[in-house]
Amino acid sequence: MITGILILLPLAFSLLIFSLRDERQIRMAALTGSVAEFLVSAYGLFLYSTQCHCNWLLDIGWIPSLHINLSFGIDGISLLMVLLTTFLTPLIILSSLEHSYRKPSAFYGLIMLMEMAFIGVFTASDGLVFYIFWELALIPAYFICAVWGGNDRIRITFKFFIYTFTGSLFMLVALIWLYFRTPQPHTFEIIYLYAAHLTPAEQTWIFLAFFLAFAIKIPIFPFHTWQPDTYTESPAGGTMLLAGIMLKMGTYGLIRFLLPICPVALKEWGWLAMILAVTGIIYASVIAIRQSDMKRLVAWSSIAHVGLIAAGIFALTPKALEGAVIQMVSHGINITGLFIIISIIEKRTGTREISRISGLAAKAPWLAVLFMIVLLGSIGLPLTNGFVGEFLLLLGIFEYNYWIAAVAGLTIIFSAVYMLWMYQRTMLGNPMEDLEISGDISMKEAIPLIPLVVMIFWIGIFPGFFLNLAEPAVRTILNLMH
Amino acid sequence: MFTYTVWIVLIPFFLFILIGFFGHKFKPLVSGVVGTSGLFASMALSYYTAYQYFFVVGKTGDVFGKIIGYNTVWLKLTEKLHIDLGVLLDPISVMMLIVITTVSFMVHLYSIGYMQGEKGYMRFFSMLSLFSFSMLGLVVATNIFQMYIFWELVGVSSYLLIGFYYTRDTAVAASKKAFIVTRFADLGFLIGILLLSFNTGTFDFLTLTDPNGVAITQGSGIMFLGLSTMTWSMIFIFMGGAGKSAMFPLHIWLPDAMEGPTPVSALIHAATMVVAGVYLVARMFPIFHFSAPVALDVVMCVGAFSSIFAAVIACTQYDIKRVLAYSTMSQIGLMMFALGVSGYGAEEGLGFMASMFHLFTHAFFKALLFLAAGAIIHAVHSNYMNDMGGLRKHLPITHITFLIACLSIAGIPPLAGFFSKDEILAAGHEKSMMLFILGLIISALTAFYMFRLYFSIFWGKQQQYHHTPHEAPKVMTIPLILLALGAVFAGFIPFSSFVTSDGKPFASHIDFAVAIPAVLVGVLGALTAMMFYMKETNIPETISRSLGGFYRAAFRKFYIDEIYLFITKKILFNYVSRPVAWFDRHIVDGSMNGISYVTNEVSTRIKGMQSGQLQQYAWIFVSGAIGLALAFIYLWTL
């Protein structure tokens, strides 16, 4: 039931917003809708953790002749991803309210539509439904970047679209193939996909197809080249949606589909995926060091961070997988925080060029404090959220292979190098003179950051609660592999 | 019984929250006073704990045991493996509690005066509290993972405090350097922890360091590159310790860290944080000794080399804080060295005891030296020896306390430094004559550079000052006097009755065969300095010129910074980062674009098929449908 509400509520608000004309009403509606959605999901969390650890299944016949059902279900991993989505969306909307976008009804309507698609992806328990929502998420993302993006937006968004769409097609092919491999009568129902009989060769092909689809979305090296451009050119809110939530669709897909469906192929080809993921960590970190645009630097850092998540998933140990789930949540929180801060800085200084900004801390001490906290979270300081996930991931990868863990561990140093460099150049040193908006961060600007900061410490200091949510689901996934 | 000890750690944490969030609502002085009184409470609790531990309940039979004062599970990894947060009390952790809270309290008190009128007064005190919290959490760690957590927090508070003057570029650069160099070392630490926990299945110190426990008796694991897993893990863990304790070649951040406010240098970069590495080795000592003796040799060599290396550089520097920084590095090297030569068990563990003893006395006189240096810098507005001279008349209290500290560090009896250094030399003597001679050379150099500093500041030529330097206010001189008392009397504590490698007290005595040469070289070093620097002479210049290249190399700190800079800036930035970025744009992205280009070409070619001729469309449609049908049938029947 709750799953149904979670999907329909943003859709309803999205349609409502599309029909509104007055900007104030649009903003109110977007905010109300997303907050209401968060409350529903929080109630879901309450039910889940107090009453049962069961799935709420929702099954509606859709195309009966092909046994395709609109079926949804929630386990611990889904729930965490849904919560991440519903938690971040209102904050992203709040921070977007600081800008005035043209055609606000379309902008906020698309955001709500995207939220619906995300929830659909994270709760789908049917392969085809998953695919449909996966594609559905792409369309608003495309429009948000293409309409409200930077100067080079058309070319970049086109690249982004082609890239991810190609990946998705591979996934569709794999799903259809699996459909015909399920026991009679054929179905896309996920538990039957898990049970599909595949020859090792088939598994390899399906592994490759899924891997490609998810690797592009995450992105894993060398399928990442759409990402820095797209993050940089998108409007602030769009970047946050892409980096904070959308890329988790990829890692979620790895856990939900790739792992249980192709265990044999993973044994054979998992090392390759692992090598690519770890290469990506170092590769992206090294490039991040040389970036001069704040948004682009964070975009590259994101490739490094999600590379570690992906590596953890391919390590196939319970700890690494739990770490991956926690880190997906933490990464969403931290990167959204970073992009919010960058957009505040950009508004103040009129630029994102690191070399042209300096000494903001002297004029905006609270902004400096908030930036520092988010930064420490993202470089994985103990007692912040980034640490728990990073540590569990490294521990899991270490069980997989010492050497790979040692190489992946370099991310600890690299992230400190480029993040502190960015902080040093922009916040510290002699204050720059021509600030467009002087003074410290305003209460209105700080509101979306405060819940993020609270979460950074909450997950960092009391990780047990979140790990307990993820743990049974992780165990189920790993059991399915045997 | 010891549950309250958790408050020793938590009080500074709440101070941090309190001052950090509400400090700006009050006058600046309020945060200083609140912070100082909070630390006083923490210090009082520590002393009470020490009394309880050492004199009332700590001993079971004849041995000081390990007591868990408080414990809570933080992160459960498996049924067996979990990460706890708690308080472990044993002789070394109780001693560290005393050292940290005492020095921290003195520094708080001193800072009330020193930081007066500074912008960011509240920020300073909240950061000091954060540091105290992290450092206390580190020393009471019940398991190596808790230690790692607080280890990182200590690193961050150090980063924030070094960069306190955040509009000054040198300070900002120094803070970043400190953070990144130590974080590099910490990666080694983390790898070491992971290796260790895989080999032993626990993070817990009680299990790990029990000589009869599984961790030690089960053997050292498989061999790799000629060394066992345990040895590798200990070497990696020591890498973390070497980073924090500024051991060669990870020392480069310490001299730069002097950009922080002087009280910070006294607290973090002299008395507490930089000895964390020594404490780490001491904490893991049974494993080093029983399972990884090779790693212990590494500790000895690194310690000895760092000590002499830093002592030579200290003789050539002109910035008084940098001289003190290199002196710190040299003294910590001695402590590491002592641990490295130590055995296990009462008298066998002389080096262990000596190391801890020296850590204890060093905290007093080195904190005193830094705080006195702060008072001098405050009065003269310069860090450079060349700008000073003849200050003894202007700063009488600072002068006397500084002299006491110099005598103490030079090992002149009966001051504290004499006793602890004597034990270190005795431990070296037991191991080999060579090491003893090395120790003597270091002692001579120590006395020389300390008295070089002393004479150039307080004697030497009379400088013309812009305005007459005057003595610091009472709130600054009182901590100096208190610490001076420590630097005089701390040596009389019969340390070996309290702190030993295995908890069994033993009686140590002064070996005159060691003590007499040690005192002689100390006096010799001091007298040489007096001859060179008491009156203005050209002897130092003549000597440095005659030493030529060696002097220049020492003056430029043996070019280690330049080497690092070359590796990071030149090689990493220009020869790695830039080509990779190029590779990404042209090769990776290029090939992806290539694929799309090919697709585009193909579509242009087959565009001709859209001819508008109905028959052709129909033909393509039919053949496509048949093809699909065939494919489906084929799949169906598989």
Side-chain angles (χ1 to χ4, degrees), chain A residues 159 162-163 166 176-177 180-181 221-226 228-229 283-284 286-291 318-319 359 361-362 365 368-369 372 376 379-383 387-388 391-392 394-395 398-399 402 405-406 409-410 412-413 416-417 420-421 423-424 427-431 461-464 467, chain B residues 20 73-78 83 119-120 123 145 148-153 155-156 159-160 163 166-169 171-173 175-176 179-180 183-184 186-187 190-191 194-195 197-198 224 568 572-573 576-578 580-581 583-585 587-593 595-596 599 632 635-636 638:
Chain A
K159 187 173 176 181
I162 294 295
Y163 234 122
T166 313
I176 291 174
W177 191 283
F180 287 115
R181 284 288 164 271
F221 172 85
F223 308 107
H224 62 274
T225 53
W226 62 271
D229 289 335
Y283 184 84
V286 167
I287 294 178
I289 294 175
R290 293 287 303 180
Q291 296 307 311
K319 280 168 217 152
V369 170
M372 180 49 84
L376 292 176
I379 65 176
L381 183 82
L383 304 189
F387 175 73
V388 185
F391 163 67
L392 287 172
L394 286 176
L395 190 68
F398 202 83
E399 283 176 24
Y402 287 6
L410 288 174
I412 293 181
I413 302 163
V417 171
L420 290 181
W421 179 77
Y423 191 83
Q424 170 191 353
M427 303 308 284
L428 309 176
N430 276 320
I461 299 173
F462 305 105
L467 287 171
Chain B
V73 175
W74 181 63
L75 195 63
K76 207 160 130 192
L77 296 173
T78 60
I83 299 171
K119 202 165 154 266
R123 183 163 54 93
F145 211 89
Y148 179 76
I149 289 174
F150 284 95
W151 189 271
E152 290 284 299
L153 286 181
V156 168
Y159 165 77
L160 293 169
Y166 60 81
T167 51
R168 202 198 283 163
D169 286 334
V172 173
S175 66
K176 197 182 70 176
F179 191 82
I180 288 169
R183 203 143 209 244
F184 173 73
D186 293 348
L187 175 62
L190 186 63
I191 291 174
L194 292 177
L195 271 174
S197 67
F198 276 122
F224 178 75
T568 52
L572 187 64
F573 279 30
V576 177
S577 213
R578 194 179 290 169
V580 170
F583 174 79
D584 188 66
R585 174 138 311 187
I587 310 294
V588 180
D589 197 24
S591 59
M592 293 297 168
N593 285 342
I595 295 173
S596 71
T599 319
F632 268 87
L635 285 172
W636 214 275
L638 268 181

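All chains are named by letter (A, B, ...) in the order of the sequence lines, taking the proteins before the strands, and each is independently numbered beginning at 1.
Contact of B:L187 with chain A is made through the side chain alone, with heavy-atom distances under 4.5 Å. B:F184 touches chain A through backbone and side chain together, each having a heavy atom under 4.5 Å away. For chain B, no part of A:Q291 is nearby; none of its heavy atoms comes within less than 4.5 Å. Within the 4.5 angstrom heavy-atom criterion, no atom of A:W226 approaches chain B. With a threshold of 4.5 angstrom between heavy atoms, A:I379 approaches chain B through its backbone and through its side chain. Contact of B:L75 with chain A is made through the side chain alone, with heavy-atom distances under 4.5 Å. With a 4.5 Å cut-off on non-hydrogen atoms, A:L410 touches chain B through its backbone and its side chain both. Interface residue B:L195: backbone and side-chain heavy atoms are both found under 4.5 Å from chain A. Proximity to chain A is absent for every atom of B:F150, based on heavy atoms less than 4.5 angstrom apart.
Checking side-chain atoms of B:W74 against main-chain N and O of A:G464 turns up no donor-acceptor pair under 3.5 Å. The backbone N or O of A:I412 lies less than 3.5 Å from a partner atom in the side chain of B:R183, making a donor-acceptor pair.
Residues A:P382 and B:Y148 share a closest heavy-atom pair of CG-O, 4.5 Å. Here the closest non-hydrogen pair linking A:A416 and B:F179 is CB-CE2, 3.9 Å.
How far CG of A:L383 is from CG of B:L153: 5.0 Å, rounded to the nearest 0.5 Å. Expressed to the nearest 0.5 Å, how far OH of A:Y423 lies from OH of B:Y166 amounts to 9.0 Å. Taking CG from A:L420 and CD1 from B:I180, the interatomic distance works out to 5.5 Å, rounded to the nearest 0.5 Å.
Two residues are said to be in side-chain contact when any heavy atoms from C-beta on lie closer than 4.5 Å; B:R168 and A:L428 fail this criterion. For the pair B:I83 and A:F391, the minimum side-chain heavy-atom distance is below 4.5 Å.
Options A:F462, A:F223, A:W421 differ in how many heavy-atom pairs under 4.5 Å they form with chain B, and the most are formed by A:W421. Counting heavy-atom pairs closer than 4.5 Å to chain A, the top-ranked of the candidates B:K176, B:E152, B:K119 is B:K176.
Between A:F387 and B:F145, the ring-plane angle classifies as tilted under the 30° and 60° cut-offs.
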